[in-house]
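Take a look at the structure set out below.
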Number of protein chains: 2
Amino acid sequence: MDTANATKAAIGPIRRETLQHSAVAELRAMILAGELPPGSRVPEMQLCEQLGVSRTPLREALRILASENLVELRPHRGAVVTPIDPNEIAAIFEVMEALESLAAGLACRKGTEAEFAELDALHDQLVAHFQTGNRLAYSTVNRRVHAVIVGMARNPALETTYAGFAAQILRARSLANYDADRWQESLTEHEGFMTALRRRDAAAAGALLAEHSRQTAKAVLRALRGNGAGSGSGDAASGAA
Amino acid sequence: MDTANATKAAIGPIRRETLQHSAVAELRAMILAGELPPGSRVPEMQLCEQLGVSRTPLREALRILASENLVELRPHRGAVVTPIDPNEIAAIFEVMEALESLAAGLACRKGTEAEFAELDALHDQLVAHFQTGNRLAYSTVNRRVHAVIVGMARNPALETTYAGFAAQILRARSLANYDADRWQESLTEHEGFMTALRRRDAAAAGALLAEHSRQTAKAVLRALRGNGAGSGSGDAASGAA
DNA sequence: AATCATCATTTTGTATACAATCTGGCACAA
DNA sequence: TTGTGCCAGATTGTATACAAAATGATGATT
């Protein structure tokens with residue numbers, strides 16, 4: 001059957017993406033880009049004509065996004081883009097700290113030479129973007145560095161969980177441009193755990209990445225709370241960062 | 001959340017649960033009970049008449065279960081109950097170890113006296129069930145102990161993530177009755193981390209719960225692989241437990 | 001004037017009908 | 001016999017129509 005498919009595929013790459021799948025991708029992009037701001041209502045019919053699909057695939061897409069915590073579904077009351085609750089973000093960072101530490105340790109033991117080389121290359125880009133002052137490029141490469149480290153852990157469960165939390169944090173960051181001083185600190189911390197990674201020192205790398213995560217959390221949360229951009233109601237928010 | 005629901009329910013228990021929601025609950029129960037065995041195909045129409053709902057809510061329910069990794073959806077090819085892949089389970093246990101350790105540490109700092117008392121009571125039940133030889137009751141209480149600890153961490157993100165992984169592990173356990181010797185070991189480990197928890201010793205509790213998780217992983221994976229019940233293809237499975 | 005009940009509008013939840021795709025088997029030719 | 005192309009059945013993806021619930025406004029009553 002490979003030959004049959006190959007023949008057909010060679011002639012025409014049969015468009016084979018379900019509408020719901022592309023709807024999920026598009027909506028997720030919209031939300032992560034801040035196009036649909038946190039807390040905004042998301043009427044189904046409006047999105048239908050916006051995306052050019054009917055309600056059925058759109059609703060299924062919303063269910064998927066709800067499972068990623070990108071939207072909230074209230075029965076009979078519609079969907080809203082999940083508001084950024086500083087307490088939720090603080091909680092996510094608590095878990096992220098553990099995940100990054102785990103990832104770093106596993107990466108030291110399971111990463112390939114090629115991956116370590118890629119990490120080095122990415123880190124060089126990071127330094128370059130810092131010196132150029134290109135903030136957007138820096139944070140893009142920054143995310144990629146962490147993603148590569150997580151990937152090196154050879155753990156799909158970890159990877160999926162990490163990606164979900166990373167998306168939430170990205171959303172939180174986008175609405176609170178955080179401290180400029182933090183930039184220098186961040187790079188210094190990157191230098192630190194990169195050194196540990198180059199030595200394949202699992203314990204040190206884990207500890208340093210955890211510390212990096214903790215400092216990032218502190219900065220993001222300070223920006224979030226200072227900004228007052230969140231829509232959540234504060235509670236036991238103190239002890240988190 | 002119980003209190004909020006209780007308030008409304010107290011005035012008028014307007015039993016209005018959407019069909020999709022109850023369909024999710026019922027299907028999830030079926031899957032976790034092993035009624036729908038891992039790997040089995042799940043034709044939509046068959047489930048429709050079995051649950052007495054139409055395809056629309058059922059499909060949305062399947063999407064939700066897919067996001068929990070309880071079913072897999074292949075486009076145009078239907079859904080199957082997610083097969084138990086020992087490598088996947090090993091990966092989940094790796095993450096669980098980190099999560100349990102995190103939870104124990106946080107629980108020591110954030111748990112209330114009432115919760116610690118509840119833990120003690122549950123532990124007593126655990127001992128009783130062990131002495132009685134009631135294995136089913138033991139494992140039920142066992143799960144509850146861990147759930148309470150996780151709940152004491154006051155971290156919704158952690159709680160949700162933990163619950164998802166716990167469900168997967170439960171499924172894996174159900175199809176491989178694991179070692180009887182393990183039972184005694186398990187109880188001993190429970191005694192250990194309970195002692196640490198009573199002292200509110202976050203570091204020790206974290207370490208002991210991580211160790212407990214690691215030992216459980218080893219036993220479950222040995223049973224899984226010995227049984228040959230999984231459908232996955234083996235790879236880099238060795239270093240996990 | 002304020003409060004409560006009632007109703008119309010709007011939005012979501014569900015069912016069903018139609019279109020596209022996959023699977024398996026059959027006939028036909030080499 | 002073996003391989004290929006094609007067709008029929010079954011299953012999924014999508015659209016639309018209908019039912020139920022929530023929201024907001026309107027009017028009556030106190």
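Please read these numbers as outputs of a predicted model, since none were measured by experiment. Protein chains get the first letters and strands the later ones, always in sequence-line order, with residue 1 at the start of each.
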**Request:** Decide yes or no on side chain to side chain contact (heavy atoms under 4.5 Å, CB included) for B/Leu27 and B/Leu36, but give the supporting numbers first.
**Result:** CA-CA 9 Å; B/Leu27 277 177; B/Leu36 298 174; 4.1 Å; yes

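Applying the ring-ring contact (aromatic ring centres under 6.0 Å, His included) rule to B/Tyr138 yields the partners B/Trp183; only residues at least two apart in sequence or on another chain are considered. Take A/Gln168 and apply the side-chain hydrogen bond (donor to acceptor under 3.5 Å, both in side chains) test, not counting sequence neighbours, and it matches A/Arg171. For A/Glu68, the salt bridge (charged side-chain N to carboxylate O under 4.0 Å, His left out) partners at least two apart in sequence or on another chain are A/Arg28. Partners of A/Glu115 according to the side-chain hydrogen bond (donor to acceptor under 3.5 Å, both in side chains) rule, which considers only residues two or more places apart in sequence or in another chain, are A/Thr112, A/Arg154. Considering only residues two or more places apart in sequence or on other chains, A/Gln20 meets the side-chain hydrogen bond (donor to acceptor under 3.5 Å, both in side chains) condition with A/Glu60, B/Arg63. Here B/Glu118 pairs with B/Arg144 under the side-chain hydrogen bond (donor to acceptor under 3.5 Å, both in side chains) rule; sequence neighbours left out. Remark: A/Phe165 engages no residue in a ring-ring contact (aromatic ring centres under 6.0 Å, His included) (not counting sequence neighbours).
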Check nucleotides 7-10 of chain C for protein N or O atoms closer than 3.5 Å to its own N or O atoms and list the pairs.
none

With 3.5 Å as the limit, what N/O pairs link the protein to nucleotides 9-12 of chain D?
from   : atom 1 : to      : atom 2 : distance (Å)
D/dT12 : OP2    : B/Glu44 : N      : 3.4
D/dT12 : O3'    : B/His76 : N      : 3.4

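Residue A/Ser54 places at least one side-chain N or O under 4.0 Å from the OP1 or OP2 atom of D/dA15.
Rounded to a whole Å, the CG atom of B/Leu73 is 8 Å from the P atom of D/dG13.
Pairs engaging residues 38-51 of chain A under the side chain to side chain donor-acceptor pair (under 3.5 Å) rule: A/Glu44-A/Arg55, A/Glu44-A/Arg59 [sequence neighbours left out]. Evaluation of the salt bridge (charged side-chain N to carboxylate O under 4.0 Å, His left out) test over residues 72-84 of chain B, restricted to residues two or more places apart or in two chains, returns none.
For the segment residues 46-53 of chain B, the set of residues with a heavy atom within less than 4.0 Å of an atom of DNA chain D is empty.
Residue contacts shown for A/Gln20 are limited to sugar-phosphate atoms, with no base heavy atom under 4.0 Å away.
For B/Thr18 against C/dT12, a side-chain-to-base donor-acceptor contact under 3.5 Å is absent.
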